[in-house]
Amino acid sequence: MDTRKIAVIDYGMGNLRSVLNALHQVGAEGVLVSDPESVSAYRKIILPGVGAFNEAITNLNRLGMAQALGEAKNNGVPLLGICLGMQLMCKISEEDGLHQGLGWIDAAVRRFPEQPGLKVPHIGWNDLSFRRSHYLVEGLPPHPDVYFVHSYRVECADPSDVLATCDYGGEFTAIFARENVMGIQFHPEKSQAIGLRILKNYVEFAPC
Amino acid sequence: MLKKRLIAVLILRDGQVVQSVRFKHTNVIHSNAIHAIECFNKWAVDEIVILNVSRDAASREQFAEVVGNISSECFVPLTAGGWITDMEYAGQLLRSGADKLCINTAFLDDPELVKALSLRYGRQCIVASMDVKADEAGVRVMVDRGSRDTGSDPVAWAQRAAELGAGEIFFNSIDHDGNRKGYHLDVLKQVCSAVDVPVIAFGGVFQWQDLVDGIHAGAAAVAAANIFHYTEHSTKKAKRFMAEAGVPVRSEGSHELLQTLSVS
């Protein structure tokens, strides 16, 4: 098994090429995986995604991908969700109705509150505050700017799941990590050096 | 705190980077767009917009190829626009590595396409490009590379664009484009206060103070094209100027940091 090969789950949502490009830049090979049967062949899995929550979770369930990812999770495979991928790992989302997510993290996905002057979507570079140390964020400066594009945000029920926060109309979860499940709200593949370092940390992490 | 963005715009005609002056594209700046990107990546630009201004629809394939080449080198957000007239081509640009679609004429000719794209990919993916032009009769929005008058005033146009599903407005002025007199500030200001989506200011930057003025007019991001090609280390200098003027900008992203973090 080639540990440098990383499954990038393709379930019909968004720009996957950027993730592959970024993985290539940090010395790994991203492989688009759309067949749930082949998920078990990988030691690391990235769940990317841009778009609507409901369509995404419907696709994952319909394709049998939700189940395959659940098995990988139970086998301790490090799973990294990016943007919508992170939100899918949560229990519920309030985007266009109420929808069940994969339920791996006790968290709800809610819209940014309506506030005067608070433009939604939250688009652009904003800084992180770290809540604890973790291999994913090793070697980063204390408050790095990273690129966000989202209208909904993750609210974790258990504060110990929160690895980094960001402030936009109030604090929200920018990165969560619980055992082998990790989620990033911003786009590391679009956050230049900082984002590439996070992906490099993920790629190079060797579970004992 | 959310930073104000500095955006580099590449105007492409038949695959070559050209200079734009009042929507006329004459001088070729780079014959290969990737050379321009290599510079921007090193120089801390926050985002890249690449626009196909060719008058020939046959340029679409070649443009998608350029988007693909650029996306493999650029680890900041990439917006692509020009000739987006159907779902298939929009999908092709996104698969080529674009993160957002910059749409202009379809807001007049095919609003259903805009709605469909916004639903399919999310509104954060849709950037409404609007070009304004002033004369005795007032200020109006033009489409189709500035050739057709919509008869609409900029504020109403921007609001309708947001309603149709745009997540950002890319504001340009045909009179100011390449004309070295700064952004069209009074109209920019009206548009910024009329919509609750972020506005990107473009068109006319001649000195770094113009960028600061754009931010003060209410823009969430400031964009320029020509000036970045003709000034050494231009985006870095622009950032420094903005920071010194009190504008919150992203400080990381330098080539040095790439090396420090050993990701280059």
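Given the structure is predicted, the values throughout are model-derived calculations rather than measurements. The chains referred to below are lettered A, B, ... by the order of the sequence lines, with proteins before strands, and numbering in each begins at 1.
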Nearest 0.5 Å, please: how far is [atom2] in [Y] from [atom1] in [X]?
X: A:Asn126; Y: B:Met1; atom1: CG; atom2: CE; result: 9.0 Å
X: B:Arg123; Y: A:Ile123; atom1: CZ; atom2: CD1; result: 9.5 Å
X: B:Gln124; Y: A:His122; atom1: CD; atom2: NE2; result: 13.5 Å

*Exercise: identify the closest heavy-atom pair between B:Gly97 and A:Ser18*: O-OG, 3.8 Å
_Minimum-distance pair of heavy atoms, taken over all atoms of B:Gly167 and A:Pro121_ = O-CD, 4.0 Å
*Could you go step by step and tell me if A:Asn21 and B:Phe75 meet the side-chain contact (heavy atoms from CB on, under 4.5 Å) rule?*
CA-CA 8 Å; A:Asn21 288 337; B:Phe75 301 105; 4.2 Å; yes
Any side-chain heavy-atom pair of [X] and [Y] under 4.5 Å:
X: B:Pro77; Y: A:Trp125; value: yes
X: B:Val67; Y: A:Arg17; value: no
X: B:Asp46; Y: A:Gln192; value: no
X: A:Tyr168; Y: B:Leu2; value: yes

[atom1] of [X]: more than 12 outside heavy atoms within 6.0 angstrom?
X: A:Lys73; atom1: NZ; result: yes
X: A:Glu204; atom1: CD; result: yes
X: A:Gln67; atom1: CD; result: no

*Taking NZ, NE, NH1 and NH2 as the nitrogens, is one of them in B:Glu47 or A:Lys190 under 4.0 Å from a carboxylate oxygen of the other?*
no
*Check each atom of A:His24 against the heavy atoms of chain B and say whether the ones under 4.5 Å are side chain, backbone, both or neither.*
neither
*For the candidates A:Val149, A:Leu84, A:Leu20, which exhibits the highest count of non-hydrogen atom pairs separated by less than 4.5 Å from chain B?*
A:Val149
*Distance-only, no hydrogens or angles: does the B:Asp196 side chain make a donor-acceptor pair with backbone N or O of A:Lys119 under 3.5 Å?*
no
_Counting only non-hydrogen atoms closer than 4.5 Å, does B:Lys4 touch chain A with its backbone (N, CA, C, O), its side chain (CB onward), both, or neither?_
neither
*Non-hydrogen atoms of chain A under 4.5 Å away: do they reach the side chain of B:Ala220, the backbone, both or neither?*
neither
